[in-house]
Protein chains: 2
Amino acid sequence: MLSDRSTPSPPTYDLGVSIETRRKLLDGALLALREHGVAGVSARSIAAAAGVNQALVFYHFGSVDELLSAACITVSEERFTNYGQRLAEATTLRELLDLSRRLHEEETAEGNISVLAQMLAGARTNPRLAEATSQALKLWTSPVEATLERLLATSPLRDVLDVPSLARAATATLIGLELYQGVDPAGADSAFSTFEQVAVLVEVADNLSPMAKRALRTILNRRKPR
Amino acid sequence: MLSDRSTPSPPTYDLGVSIETRRKLLDGALLALREHGVAGVSARSIAAAAGVNQALVFYHFGSVDELLSAACITVSEERFTNYGQRLAEATTLRELLDLSRRLHEEETAEGNISVLAQMLAGARTNPRLAEATSQALKLWTSPVEATLERLLATSPLRDVLDVPSLARAATATLIGLELYQGVDPAGADSAFSTFEQVAVLVEVADNLSPMAKRALRTILNRRKPR
DNA sequence: GTCTATACAACGATAGAC
DNA sequence: GTCTATCGTTGTATAGAC
């Protein structure tokens with residue numbers, strides 16, 4: 001962000017207010033998705049959440065799917081910057097784990113994981129949503145992937161646990177837990193703790209003595225699936 | 001199953017064909033849910049999939065939500081029997097893991113995991129679906145939970161990895177991966193392999209020498225979250 | 001760019017003939 | 001129990017006034 005300039009100019013350039021409206025629609029889409037889910041989201045419910053006219057959905061984005069796609073990608077891009085910087089600071093698996101928990105709590109509280117989960121559910125039967133969600137998900141996994149890659153660079157687990165796959169598996173688990181939350185909040189919380197305990201197991205394995213590491217690698221490779 | 005009796009009697013008691021129709025509707029609901037997702041499922045799409053009249057949805061189940069709920073619970077109950085028996089045969093974590101993979105492949109192929117995922121997505125904004133999905137999910141986790149409980153009875157991991165939570169975490173992961181499959185099939189596959197590798201890590205930890213087990217337990221307890 | 005008005009399809013749900 | 005027919009609502013999408 002550049003430092004502010006003199007006069008209290010209006011928030012945007014005011015090209016006929018269109019940019020503000022686009023912004024409202026993008027936010028409204030996320031709000032509606034969180035409130036009604038992919039099953040209940042519509043041009044009307046989005047417009048209501050955005051506080052604008054329903055016809056503007058089609059004027060600015062052409063269709064509801066297109067708006068949902070744009071909203072999902074936009075929010076992911078905005079979050080991505082924040083993520084990358086904070087994850088770059090982690091120097092051990094333990095720090096990464098602690099940081100991940102905090103980031104996950106933030107995103108869950110803001111409803112962004114919920115948005116992703118709903119988009120993924122819609123993506124199963126809607127190619128347009130699938131395309132957009134795929135892009136959005138890459139934005140979320142890539143900083144985690146980069147961090148893992150860095151921290152596991154010298155680990156014996158590296159050629160047993162494929163790093164990109166590990167990042168994806170973790171992402172999938174967090175999304176699964178988000179959905180689980182809706183039907184069993186207490187159970188989802190304790191499941192989350194257990195997920196973390198298992199992650200600690202990875203960390204422990206990574207801190208083994210050189211001899212123990214070699215032994216572990218042998219065992220894991222012997223049982224490598226597929 | 002009792003052994004068959006003499007005459008080739010009709011498949012059901014034929015109380016005006018109603019039971020057959022109910023069955024068709026239940027199957028149709030699952031089919032429609034798999035094909036159109038929770039966002040696109042409707043009384044009409046279900047009736048089409050079932051090959052019956054649309055009005056019968058309301059005659060037999062009162063509402064679409066009610067039918068979806070019944071379908072989800074019914075398919076889970078039917079699967080539950082199969083599961084319980086096969087899981088009871090596992091005598092080691094390794095066997096449990098292999099069996100789980102096979103069961104998961106079967107259920108994914110039949111589209112049952114997809115149904116569960118779509119129901120969970122809908123459940124986030126629909127209390128009726130939430131109630132039903134909660135019941136259905138318990139049917140899936142409980143046999144896994146019982147098996148884990150049995151196999152980990154004497155494990156040092158037992159008071160660190162809460163067994164019911166472990167079963168839930170695994171379920172959530174499988175559901176998350178199912179959704180991931182829709183936007184990145186190759187990525188989801190490799191993520192699944194990694195999930196299994198991590199599971200093997202649990203198994204390895206469980207096979208440690210008594211002394212190593214104690215040391216591990218100390219580490220894990222020290223880092224117990226929350 | 002934004003609004004009102006409207007076309008038209010699909011939705012849940014019910015009434016009534018069979 | 002099952003069907004046809006239909007009501008009222010809500011959905012996407014567009015035309016045209018402002």
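The model shown is predicted, which means the values in this text are computed figures rather than measured ones.
Cation-pi contact between A/Arg22 and A/Phe61: present, with separation from the ring centre below 6.0 Å and deviation from the ring axis of at most 45°.
Set against C/dT2, D/dT2, D/dA15, the side chain of A/Ala55 has D/dA15 as its closest nucleotide. Nearest to the side-chain atoms of A/Ser42 among the listed nucleotides D/dG1, C/dT2, D/dG11 stands D/dG11.
For B/Asn53 and C/dA15, the CG to C1' distance is 14 Å, given to the nearest whole Å. When rounded to the nearest whole Å, the span between CD1 of A/Ile46 and P of D/dA13 equals 11 Å. Nucleotide C/dG16 holds its C1' atom 15 Å from the CG atom of B/Leu56, rounded to whole Å. If you take CD of A/Glu66 and C1' of D/dA13, they are 15 Å apart, rounded to a whole angstrom. Here the C1' atom of nucleotide C/dG12 and the CG atom of B/Leu67 are 13 Å apart, to the nearest Å. Following rounding to the nearest Å, B/Phe61 (CZ) and D/dG1 (P) show an atom-to-atom distance of 12 Å. Distance OH (B/Tyr59) to C1' (D/dT2): 9 Å, rounded to an integer number of Å. A straight line from CZ of A/Phe58 to P of C/dC8 spans 17 Å, rounded to a whole angstrom.
A salt bridge links B/Arg94 to B/Asp98: at least one charged side-chain nitrogen sits closer than 4.0 Å to a carboxylate oxygen. The existence of a salt bridge linking A/Glu178 and A/Arg34 is excluded, since no basic side-chain nitrogen approaches an acidic carboxylate oxygen closer than 4.0 Å. Contact check on B/Asp27 versus B/Lys24 returns no salt bridge, with no Lys/Arg side-chain nitrogen under 4.0 Å from an Asp/Glu carboxylate oxygen.
Residue A/Val64 is in sugar-phosphate contact alone, with no base atom involved, counting any heavy-atom pair closer than 4.0 Å across all strands shown. Residue contacts for A/Ala43: at a heavy-atom cut-off of 4.0 Å it reaches the sugar-phosphate backbone alone, with no base atom in range.
Of the side-chain N and O atoms in B/Thr21, none sit less than 4.0 angstrom from OP1 or OP2 of D/dG1. Of the side-chain N and O atoms in B/Arg44, one or more sit less than 4.0 angstrom from OP1 or OP2 of C/dC11.
Taking the six-membered ring where tryptophan is involved, the planes of A/Phe192 and A/His104 are essentially parallel, since the angle between them stays under 30° and well short of 60°.
In terms of position on DNA chain C, the residue among B/Gln54 and A/His60 whose nearest nucleotide sits closer to the 5' end is A/His60.
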